[in-house]
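Okay, structure first, notes after.
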Amino acid sequence: MISKEKKSSFLFVLVPMIFISLILQIVHLPASVSDYRPDILVLVLIFFSMNSHFTLRLETAWLVGIILDLVTGAPLGINAFVISTQIYLINTQFKNFPKYSLWQQAIIIGVINLIVNVLGYWIEHIIGQSYYEVSFILPTLITAAFWPIVYLISYILCSTFSIDTEDKEKID
C-alpha cells in the first residue's frame, strides 16, 4: 500500500516539474541570453533518474525530447536523442552517481552535456538543419552550474511530498 502512495506522489511531482522545465526550455528570451540557456529539462530528468523508483527513465526522456522537438520545430528526434543519450550515459556509466558530491555530479553532467550536444550538433549539421555555431562551452558550464540549484529545488519538493529520494539498494 505504501509503494502505491509513493508512486502517485512521485508522478505528482515529476509531471509538473517536467512541464515547468519544458516551458522554461521553450520560452523566448533575448538573443544574448537565449544562446546560453541551461538545459533545465535534462537536469530535472537526471535528478529523477537517480531515484530507483523511476523505472521509465529512457522512455520518459525520449518522449519529453519528442515533445520538445515538436514544440520548437527542431528536426524530429534530435532533442529526443540528445536528452535520452545524456540520461542513458549517466545511468549506465556512473552507477554510483547519486553517491558523488554535488560538485562531482556537476562536472559529470557538464562533460556528458558537452559531448552529447556536440554529437547532436554534428547530426544536425549532417542533415543540413543547423547553422554554424561555436558556443558549446558556455551553455554547458551554465548547465553544470545550475545542477545544484535544480537538485536543491527538486529535493525540497520531494521532501515536501514525502517522496523517497534515497537509493536504498546496495550498488556494487
Testing the basics here: between [X] and [Y], what is the closest heavy-atom pair and its distance to 0.1 Å?
| X | Y | result |
| --- | --- | --- |
| S84 | A61 | CA-CB, 3.8 Å |
| G120 | V82 | CA-CG2, 4.0 Å |
| C158 | V13 | SG-CG1, 4.5 Å |

Please examine the side chains of [Y] and [X], heavy atoms only from C-beta on, and report whether any two atoms are closer than 4.5 Å.
| X | Y | result |
| --- | --- | --- |
| L14 | L11 | yes |
| I115 | L119 | no |
| P75 | I78 | yes |
| I66 | N79 | no |
| M17 | F48 | yes |
| F19 | V15 | no |
| W147 | F47 | yes |

Residue list, side-chain hydrogen bond (donor to acceptor under 3.5 Å, both in side chains) with T92, at least two apart or on another chain =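 In terms of side-chain hydrogen bond (donor to acceptor under 3.5 Å, both in side chains), with neighbours along the sequence ignored, T92 is linked to no residue.
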Excluding L56, membership of its hydrophobic cluster (Ile, Leu, Val, Met, Phe, Trp, Tyr; side-chain heavy atoms within less than 4.5 Å) reads none
Review item, side-chain donor-acceptor pairs of residues 36-45, under 3.5 Å, at least two apart:
| from | atom 1 | to | atom 2 | distance (Å) |
| --- | --- | --- | --- | --- |
| R37 | NH1 | L24 | O | 2.8 |
| R37 | NH1 | Q25 | O | 3.1 |
| R37 | NH1 | V27 | O | 3.0 |
| R37 | NH2 | V27 | O | 2.9 |
| D39 | OD1 | Q25 | NE2 | 3.4 |
| D39 | OD2 | N113 | ND2 | 3.0 |

ask   = Do any N or O atoms from the side chain of Q105 and from the backbone of F97 form a donor-acceptor pair under 3.5 angstrom?
value = yes
